[in-house]
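Step one of this worksheet: look at the structure below.
Please read these numbers as outputs of a predicted model, since none were measured by experiment. Here is the naming used below: chain letters follow the sequence lines, and residue numbers restart at 1 for every chain.
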Amino acid sequence: MHSLSEQEIIRRNSLAALEEMGINPYPPEAFEVNANSFEIKQNFENNPDAYKSVSIAGRLMMIRDMGKACFAEIQDSKGKIQIYVKRDEVCPGEDKTLYDLVFKKYMDIGDIIGLKGYVFKTKMGEISIHVSHLQMLSKSLHPLPIVKTDADGQTHDAFTDPEQRYRHRYVDLIVNPQHREIFVKRSQLIHEMRMYFNEKNWLEVETPVLQGMHGGAAARPFKTHHNALDIPLFLRIANELYLKRLIVGGFDGVYEFGKMFRNEGMDRTHNPEFTSMEIYVAYKDYIWMMEMVETMLERVITKINGNPKVQVGSNEINFTKPYRRLSMYDAIKEYTNFDVEGKSEEELKAFCRSKNIEIDASMGVGKLIDEIFGGLVEKHLIQPTYITDYPIEMTPLAKKHRTKAGLVERFELYVNAKEIANAYTELNDPIDQRQRFEDQLKLAARGDDEAMLMDEDFLLSLEYGMPPTSGLGIGIDRLTMLLTGQEAIQEVLLFPQMKPLIK
RNA sequence: GAUCUGUUAGCUCAGUCGGUAGAGCAACGGCCUUUUAAGCCGUGGGUCUUGGGUUCGAGUCCCAAACAGAUCACCA
């Protein structure tokens, strides 16, 4: 327990004083609410009769004391509303202690209070609640940052320190309504995507988070241990291989929103746990999937933002379909005037050196092409763009391209220079899949700790026969960042991972 | 992982050349019965992130550490 500040001591003293007066600062009874701040301000002028007796609860956010009367603001989940407390109204008799002591002396900014009264409009034109009854619902013992906004919309003393905001997100949510809005939009995004998939009759499923063998992506896992079975378990890095087993099992379409866990670096675009949405649809290919994704994103974003355009920094991004489609090789040609097709490893390395792209001896042709793309092309892809047809070495779970040797049927969707979706025509040939896993094992033997492992049960499922299928993964955090114009993943995660503070 | 920047009151921030620690808001005591970043008068509140060092003397200079942010590299 830390030593108490002056303000904390004063609040604890107020708490004790209330108790001595027989007032429970944390009453157990439900407090019936029949209105909220937003709908009162929205509807009062059209229908004043409906607000002659309101009961509302919220957090006390500001007090403008004028002696025997007082204006204050309370905040509920929908916003703020001004209240007007007049001494002779709340204390009609001789005894003025409710006003003088309970309200003015022992109630503080941050306390959660319940009140009853009628709605009126002040001389200054602000819709307010004229209070006839008020009571403490929960005493706040820790002073809240005071953020004020003036008539010009200028914010004073904003609570802005990211560390404080992430470590004490509840405080951020109380005093920064614009941050609350991010999480409302995040929820709407997931809701609208789910609605879209459900309309198509694709099935929402849940697959294991704890996996005996991690697979489906190239990444280092978190390892844990199951006591009763006495076996190691891994937190999933992807759910791809389980979702495909469900397509083998006969579902036409399955999808899952879920947390993935990757034991890697943290920065403003990476958190150790993140949310992805993966979907697999039978009898489709990646060309179909491109059309599905652009149709879905245009609709979902329009529903949430009112139009398909989103402002991110200085870029206005337009999610109206169709999105540009560009093969990886053509994209490199367009932005560098260099044609990687048919080039040898040495020729590619020479080009990388000429462009100051870092390379090392272990990189093969596929990896070098990926480096060139990442270093010289990605930054140009601001408007939604599908990059298609990737080198086979990097993509062990996608089907070989129908016409182009050495490539797979894969696309990634780039928006604002970042990858937000990844999709394949899924590999359903069990012989080829086994060969791809064996190639991965060779990488692992050379020390690649992100190489995929041989998953015999997954291979067995493919041997039973998986229909031709297209699959897609979308990074929900990154899509939320785009949708809300945020540049740090921590801003779209309620509780981002933070290093512990050592006392 | 590298580089740079930051850490001072509950919050937002000043702090000069190394010489008794400052402001606004919040808090506390007054005045004020339609104010709105309310106002007016008065008061209190600090292990200057932590640990070393230099110095008669360190918030300030030096070294190290912790945490955070930005930029870069890698991963979604």
query = Want to settle it: does A:Thr160 or A:Ile10 sit nearer the 5' end of RNA chain B, counting the closest nucleotide to each?
reply = A:Thr160
request  = Please state whether the rings of A:Phe319 and A:Tyr323 are parallel, tilted or perpendicular, taking 30° and 60° as the class boundaries.
outcome  = perpendicular
task = Would you mind classifying the nucleic acid contact of A:Glu371 as base, sugar-phosphate or nothing, using non-hydrogen atoms under 4.0 angstrom?
result = sugar-phosphate
query = A:Met498 near the nucleic acid: base, sugar-phosphate alone, or nothing, with a heavy-atom cut-off under 4.0 Å?
reply = sugar-phosphate
ask   = Contact class for A:Lys105 vs. all strands (heavy atom < 4.0 Å): base, sugar-phosphate, or nothing?
value = sugar-phosphate
ask   = When you check the phosphate oxygens OP1 and OP2 of B:U71, does a side-chain N or O of A:Arg268 lie under 4.0 Å from one of them?
value = yes
ask   = Can you find a donor-acceptor pair, distance only, under 3.5 Å between A:His156 side chain and B:C25 base?
value = no
key: Whole-Å gap separating P (B:C11) and CG (A:Asn176)   = 14 Å
query = Are A:Arg436 and A:Asp439 ion-paired here, with the side-chain N under 4.0 Å from a carboxylate O?
reply = no
inquiry  = Please classify the nucleic acid contact of A:Asp267 as base, sugar-phosphate, or nothing, using heavy-atom distances under 4.0 Å.
reply    = base
message = Between the base of B:U36 and the side chain of A:Arg64, is one N or O donor paired with an acceptor at under 3.5 angstrom?
response = yes
query = Has the side chain of A:Asp157 got a donor or acceptor that lies under 3.5 Å from a partner of the other kind on the base of B:C13?
reply = no
inquiry  = Between the base of B:U35 and the side chain of A:Gln82, is there a donor and acceptor pair under 3.5 angstrom?
reply    = yes
message = Can you tell me whether the side chain of A:Gln7 and the base of B:A26 have a donor-acceptor pair closer than 3.5 Å?
response = yes
message = Can you tell me the base-pairing partner of B:A9? Count Watson-Crick or G-U wobble geometry only, both distances below 3.5 Å, and say none if there is no partner.
response = none
remark   = Between A:Asp65 and A:Arg167, the residue closer to the 5' end of RNA chain B by nearest nucleotide is A:Asp65
task = Indicate whether the side chain of A:Asp389 and that of A:Tyr286 have a donor and an acceptor atom separated by less than 3.5 Å.
result = yes
key: side-chain N/O A:Lys148 vs B:A38 OP1/OP2, d < 4.0 Å   = yes
request  = Grab the CZ-C1' distance between A:Arg165 and B:G69 for me, whole Å please.
outcome  = 12 Å
query = Near A:Glu487 CD, under 6.0 Å, is it more than 12 heavy atoms from other residues, nucleotides or ligands?
reply = no
ask   = Given the side-chain rings of A:Phe373 and A:Tyr335, with only the six-membered ring counted for Trp, is the space between their centroids under 6.0 Å?
value = no
key: Nucleotide nearest A:Pro143 (side chain, heavy atoms from C-beta), chosen from B:G10, B:C75, B:U35   = B:G10
ask   = If we call it a pair only when both distances are under 3.5 Å in a Watson-Crick or G-U wobble match, what pairs with B:G69?
value = B:C4
